[in-house]
*Asks:* 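Let me give you the structure first, and then I'll get to my questions.
For clarity, every value in this text was computed on a predicted model and none was experimentally measured. Side chains included, hydrogens not; waters and symmetry mates left out as well; all remaining heavy atoms used.
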Amino acid sequence: MRARTALLLAAAVPLTATAAAVALQAGAWALTASRNAIRLSPRPRPGCPDCRGEGGWWSEGLYPGGEMCWCWDRPARTLRLLPVRDLWPDEPPF
């Protein structure tokens with residue numbers, strides 16, 4: 001029973017990671033993970049009729065500059081992680 005459970009768990013992890021990657025691609029989000037936080041940043045939507053997936057365009061005229069498309073103008077989501085407590089604070093690092 002334990003071997004079967006371990007095998008199912010081992011198969012579930014890559015399947016879950018693949019499903020999450022597909023969902024992020026479909027929703028136009030970029031996932032960044034570090035020691036301190038997990039961050040979801042918006043990306044331009046590939047099916048946007050205004051920018052055609054480029055995220056914006058350059059304006060011309062007296063004051064040229066870049067303009068960001070509405071499809072990219074979403075807030076980033078950040079999940080801050082708690083710092084890991086050092087188990088042996090008086091030990092040297094090496």
Side-chain angles (χ1 to χ4, degrees):
M1 182 68 179
R2 286 185 181 192
R4 182 177 172 196
T5 304
L7 204 71
L8 285 173
L9 184 62
V13 171
L15 183 65
T16 304
T18 304
V22 168
L24 288 173
Q25 289 291 333
W29 291 93
L31 176 72
T32 308
S34 69
R35 248 181 109 173
N36 302 323
I38 298 172
R39 184 179 178 98
L40 282 172
S41 303
R43 294 187 336 185
R45 296 182 183 173
C48 178
D50 294 333
C51 69
R52 293 185 274 308
E54 294 182 14
W57 52 87
W58 287 98
S59 62
E60 298 177 7
L62 187 58
Y63 301 105
E67 293 184 29
M68 190 166 55
C69 184
W70 63 269
C71 72
W72 204 349
D73 192 21
R74 295 174 287 174
R77 310 285 186 213
T78 304
L79 174 66
R80 300 222 182 260
L81 302 175
L82 294 175
V84 178
R85 190 174 62 89
D86 192 8
L87 297 177
W88 296 285
D90 58 342
E91 287 287 321
F94 298 103

*Asks:* In Å, rounded to the nearest 0.5 Å, how long is the span from CD of Glu67 to SG of Cys51?
*Replies:*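 It is 12.0 Å, given to the nearest 0.5 Å.
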*Asks:* With no hydrogens and no angle check, is any side-chain donor or acceptor of Arg74 less than 3.5 Å from a backbone partner on Arg43?
*Replies:*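 Answer holds: yes.
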*Asks:* Which value, rounded to the nearest 0.5 Å, describes the distance between Asn36 atom CG and Leu82 atom CG?
*Replies:*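 Answer rounded to 0.5 Å: 10.5 Å.
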*Asks:* Please check if any side-chain donor atom of Arg39 sits under 3.5 Å from a side-chain acceptor atom of Thr32, or the reverse.
*Replies:*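 The answer is no; no qualifying pair exists.
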*Asks:* State which residues pass side-chain contact (heavy atoms from CB on, under 4.5 Å) with Asp50; sequence neighbours excluded, sorted by chain then number.
*Replies:*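 For Asp50, the residues satisfying side-chain contact (heavy atoms from CB on, under 4.5 Å) (neighbours in sequence not counted) are Cys48, Trp57, Cys69, Trp70.
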*Asks:* At what distance, to the nearest 0.5 angstrom, does CG of Leu81 lie from CD1 of Ile38?
*Replies:*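 Between Leu81 CG and Ile38 CD1, I get 5.0 Å after rounding to 0.5 Å.
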*Asks:* Arg52: what forms a side-chain contact (heavy atoms from CB on, under 4.5 Å) with it, not counting sequence neighbours?
*Replies:*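 Partners of Arg52 under the side-chain contact (heavy atoms from CB on, under 4.5 Å) test: none.
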